[in-house]
Number of protein chains: 2
Amino acid sequence: MNASSHQTEPKRRGRRAGGEDTKAALLAAAREVFVERGYEGATVRSIAARAGVDAAMVNHWFGGKEGLFAKAVLQLPIDPNALVERLLDGPDEKIGERIVRTFLTVWDPIGGGPFAAMVRSVTSHEQVADVLRGFFVQTLLKRIVGHLDSPDGDLRATLVASQIIGMGMVRYVVRFEPLASADADTLVKAIAPNLQRYLTGDIG
Amino acid sequence: MNASSHQTEPKRRGRRAGGEDTKAALLAAAREVFVERGYEGATVRSIAARAGVDAAMVNHWFGGKEGLFAKAVLQLPIDPNALVERLLDGPDEKIGERIVRTFLTVWDPIGGGPFAAMVRSVTSHEQVADVLRGFFVQTLLKRIVGHLDSPDGDLRATLVASQIIGMGMVRYVVRFEPLASADADTLVKAIAPNLQRYLTGDIG
DNA sequence: GCTCTATTTCAACGCGCGTTGAAAAAACTG
DNA sequence: CAGTTTTTTCAACGCGCGTTGAAATAGAGC
């Protein structure tokens with residue numbers, strides 16, 4: 001191997017060539033890694049490595065890990081409006097069923113890792129908990145409650161949240177069988193009626 | 001202050017006087033701190049400090065942090081048998097109510113910290129998840145299922161677990177209002193019927 | 001009372017984390 | 001093309017973690 005080997009050329013310094021956007025690359029990597037590993041599990045170094053960039057760039061462009069997180073969550077590839085539309089589209093008597101099925105459709109393909117990561121982030125980092133609480137409460141629960149306009153709407157919404165989050169915990173995090181491996185239809189039949197009661201039944 | 005001041009006497013080395021049991025002190029401190037802060041949050045140094053002992057003793061007596069955890073969880077001050085007795089003592093039609101009320105009675109005084117700590121430990125440390133899964137499944141769920149001996153008992157038990165865990169998540173961890181601040185009676189009226197359906201109703 | 005051994009503290013190690021400042025290199029400016 | 005600015009890498013810092021080995025001290029055995 002002569003001196004001009006292309007093998008492990010120690011990365012050139014200075015501004016990159018072409019239109020490569022380091023900031024965008026970091027945001028894209030951050031969205032992935034934060035979802036995969038949660039806030040704590042996602043190290044600045046791992047995000048930078050996935051973006052093909054030095055870890056110091058996180059500080060230069062976002063002022064630190066928290067700044068990157070704050071910017072990254074604003075660009076998550078989820079469309080809350082579409083989600084709410086999907087839940088509310090159909091007869092009110094079957095909202096419970098649509099909630100269970102939609103939740104499973106979104107999370108089952110992703111698997112337990114991201115869900116556990118999200119839970120861990122919420123339990124350990126107050127800033128993350130605030131961001132996610134704001135998203136769930138403002139964007140999802142309030143709108144569903146508003147559509148149904150039944151009395152005690154807020155309590156009903158949080159009851160639904162409790163059952164859905166609990167299903168996620170048992171299925172993806174602690175993995176109690178047989179719920180963890182049950183197919184979607186079984187869970188819909190078992191859980192949907194309870195959600196339906198929370199939303200439109202007598203809870204007092 | 002003369003040289004023989006009792007103030008900050010730099011701890012004497014060597015074997016302690018009297019019957020002071022370092023091992024037991026460490027176990028007691030570990031039980032407290034693990035519950036308060038979870039596995040990751042509980043540092044070896046903090047446990048040793050509470051026990052009034054050097055951190056190195058953890059390695060000497062338990063071979064490390066994991067060993068201490070393994071021994072400590074076996075001595076948690078909870079009596080599973082008494083808990084199961086309490087849940088099963090009474091008419092079967094009111095089991096749901098007793099489950100909700102017992103859960104709230106146990107956790108409300110403790111507060112959200114320990115519950116969040118437990119959840120974080122489960123999501124981040126596989127060994128901890130295994131230990132707790134074993135406890136819940138073997139000790140609690142199986143016995144309740146056995147008592148009721150209805151078909152699909154295991155599925156029913158995990159469904160109940162999902163609702164209870166979800167209630168804990170919403171009440172203690174993410175704190176969605178108004179569920180987070182609702183009084184016990186309100187939650188019993190809202191949730192108990194759903195548990196009752198899971199246990200003795202038609203879920204197919 | 002002397003020796004041996006068990007117990008405990010202390011100081012340090014190695015690791016990974018987020019962060020920082022200086023140096024290098026490309027791009028921009030006139 | 002020369003000088004300036006922007007972007008990037010690199011090397012290092014400080015922190016806290018779990019862990020380790022040596023030194024110091026108390027009790028046990030003879």
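In this text, all values refer to a predicted model and were calculated from it rather than measured experimentally. Letters A, B, ... mirror the listed sequences (proteins, then strands); counts begin at 1.
- Taking A:His60 as the reference, nothing meets the ring-ring contact (aromatic ring centres under 6.0 Å, His included) condition, with sequence neighbours excluded.
- With the nearest nucleotide of DNA chain C identified for both A:Gly41 and A:Ala56, A:Gly41 has the one nearer the 5' end.
- With rounding to whole Å, A:His60 atom NE2 is found 14 Å from D:dT5 atom P.
- Distances were taken from every side-chain heavy atom of A:Met57 (C-beta onward) to each of C:dC10, D:dT19, D:dT9; the shortest belongs to D:dT9.
- For residues 62-74 of chain B, the set of pairs meeting the side-chain hydrogen bond (donor to acceptor under 3.5 Å, both in side chains) definition, not counting sequence neighbours, comprises B:Glu66-B:His125.
- Taking the side chain to side chain donor-acceptor pair (under 3.5 Å) definition, one finds that B:Asp108 meets it with B:Arg171, B:Tyr172, sequence neighbours left out.
- B:Ala72 meets the side-chain contact (heavy atoms from CB on, under 4.5 Å) test with B:Leu27, B:Ala30, B:Arg31, B:Phe34; sequence neighbours excluded.
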Distances under 3.5 Å between protein N/O atoms and the N/O atoms of nucleotides 12-16 of chain D, please, pair by pair.
none

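- Within residues 32-39 of chain B, no residue places a heavy atom under 4.0 Å from DNA chain D.
- Salt bridge annotation for A:Arg50-A:Glu36: present, with a cationic side-chain nitrogen under 4.0 angstrom from a carboxylate oxygen.
- Residues that satisfy the side-chain contact (heavy atoms from CB on, under 4.5 Å) test with A:Leu87, not counting sequence neighbours, are A:Ile99, A:Thr102, A:Ile144.
- Counting only heavy atoms from C-beta on, A:Asp54 has its side chain closest to D:dT9 among C:dT19, D:dT9, D:dT19.
- A:Glu40 has its CD atom 12 Å from the P atom of C:dC17, to the nearest Å.
- Per the geometry, NZ belonging to A:Lys23 stands 11 Å off P belonging to D:dT8, to the nearest Å.
- For the OP1/OP2 pair of D:dT8 and a distance below 4.0 Å, the side-chain nitrogens and oxygens of A:Thr22 include at least one atom meeting the criterion.
- Side-chain proximity of A:Asn59 to D:dT8, C:dT8, C:dT20: nearest is C:dT20.
- Partners of B:Ser46 under the side-chain contact (heavy atoms from CB on, under 4.5 Å) rule, at least two apart in sequence or in another chain, are B:Val33, B:Thr43.
- Between A:Lys65 atom NZ and C:dT20 atom C1' there is a gap of 17 Å when expressed in whole angstrom units.
- Looking at the side chain of B:Trp61, the nearest of the listed nucleotides C:dT19, C:dT8, C:dC10 is C:dT8.
- At a threshold of 4.5 Å between non-hydrogen side-chain atoms, the residues A:Ile95 and A:Thr200 do not count as touching.
- Residues forming a side-chain contact (heavy atoms from CB on, under 4.5 Å) with A:Val73 (at least two apart in sequence, or on another chain): A:Phe69, A:Val131.
- A:Asp21 places its CG atom 10 Å from the P atom of D:dT7, with the value rounded to the nearest Å.
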